Amino acid sequence: MRHMKTGRKLNRFSTHRTAMFRNMATDLLRHGRIETTIPKAKELRRFVEPLITKAKRGDLAARRQVLRLVRSQEVVQKLFDEIAPRYSERNGGYTRILKLAQRRKGDGTQLCIIELVD
């Protein structure tokens, strides 16, 4: 049975998966949008949206919880000062996934853009 086994493994070890999502979340918060594959984008959404929700609280405990996952101090500063106030009236749904028409050249995987909603 698959009770309590959510999320995709993405053919990686758990430590590699965690590091990949930390890096992708840092880049998404730094640049506002990144290009990746569809399964990675759908899992990244589950990783990033709770970070934004915690940043909306704005207290020290929330900042420390976000710093455990996003190791870049300037990205956390941007998240708390610029991104979180932008979504103060919004209850979730901070990201958007747009599927691209072209496929990746090496293996033909469909690509998409994940971006923060305006």
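If you read the sequence from its start, that first residue is 1, and numbering goes on from there. None of these values were measured; they are calculated from a predicted model.
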Open item on the list: Less than 4.5 Å apart, side chain to side chain, heavy atoms only: is that true for T26 and R71?
Closed with: no

TODO: Measure the shortest side-chain to side-chain distance between Q110 and L100 over non-hydrogen atoms and say whether it is less than 4.5 angstrom.
DONE: no

TODO: State, with a plain yes or no, whether a side-chain heavy atom of L69 is found less than 4.5 Å away from one of F21.
DONE: no

Open item on the list: Are the side chains of L111 and T37 in contact, using a 4.5 Å heavy-atom criterion?
Closed with: yes

TODO: Say whether, by atom type as modelled, one donor and one acceptor occur between the side chain of R46 and the main chain of E49 under 3.5 angstrom.
DONE: no

Open item on the list: Between K78 and R30 (side chain of the first, backbone of the second, donor and acceptor by atom type, cut-off under 3.5 Å), is there such a pair?
Closed with: yes

- [ ] To the nearest 0.5 Å, tell me how far K56 NZ sits from K54 NZ.
- [x] 13.5 Å

TODO: Could you tell me which residues satisfy side-chain contact (heavy atoms from CB on, under 4.5 Å) with K9, sequence neighbours excluded, listed by chain and number?
DONE: R17

Task: Test item: I114 and T36 side chains (from C-beta on) under 4.5 Å apart, heavy atoms - done: yes

Open item on the list: Atom CG of residue position D107 - does it have more than 12 heavy atoms of other residues, nucleotides or ligands inside 6.0 Å?
Closed with: yes

TODO: Inspect the contact between K40 and E43 and indicate whether a charged nitrogen and a carboxylate oxygen are less than 4.0 angstrom apart.
DONE: no

- [ ] Using atom types as modelled and distance alone, determine if a side-chain donor or acceptor of S88 lies under 3.5 Å from a backbone N or O of A84.
- [x] no

Task: Sequence neighbours excluded, every pair satisfying ring-ring contact (aromatic ring centres under 6.0 Å, His included) that has a member inside residues 87-112 - done: Y87-Y94

Open item on the list: Consider side chain to side chain contact (heavy atoms under 4.5 Å, CB included). Of R86, R33, H31, which one does L116 pass it with?
Closed with: R86

Task: Verdict with reasoning, H16 to L10, per side-chain contact (heavy atoms from CB on, under 4.5 Å) - done: CA-CA 10 Å; H16 184 186; L10 298 173; over 6 Å; no

Open item on the list: To the nearest 0.5 Å, what is the distance between CZ on R64 and CG on D59?
Closed with: 10.0 Å

Task: Close side-chain approach of E82 to Q77, heavy-atom, < 4.5 Å - done: no

Task: R63 and V76, any side-chain heavy atoms less than 4.5 Å apart - done: yes

- [ ] Count the heavy atoms belonging to other residues, nucleotides or ligands that lie under 6.0 Å from CD of E74, then report whether that count exceeds 12.
- [x] yes

Task: Close side-chain approach of E35 and C112, heavy atoms under 4.5 Å - done: no

- [ ] Output the distance between atom OG1 (T95) and atom CD1 (I113), rounded to the nearest 0.5 Å.
- [x] 13.5 Å

Task: More than 12 heavy atoms of other groups within 6.0 Å of K42 NZ - done: no

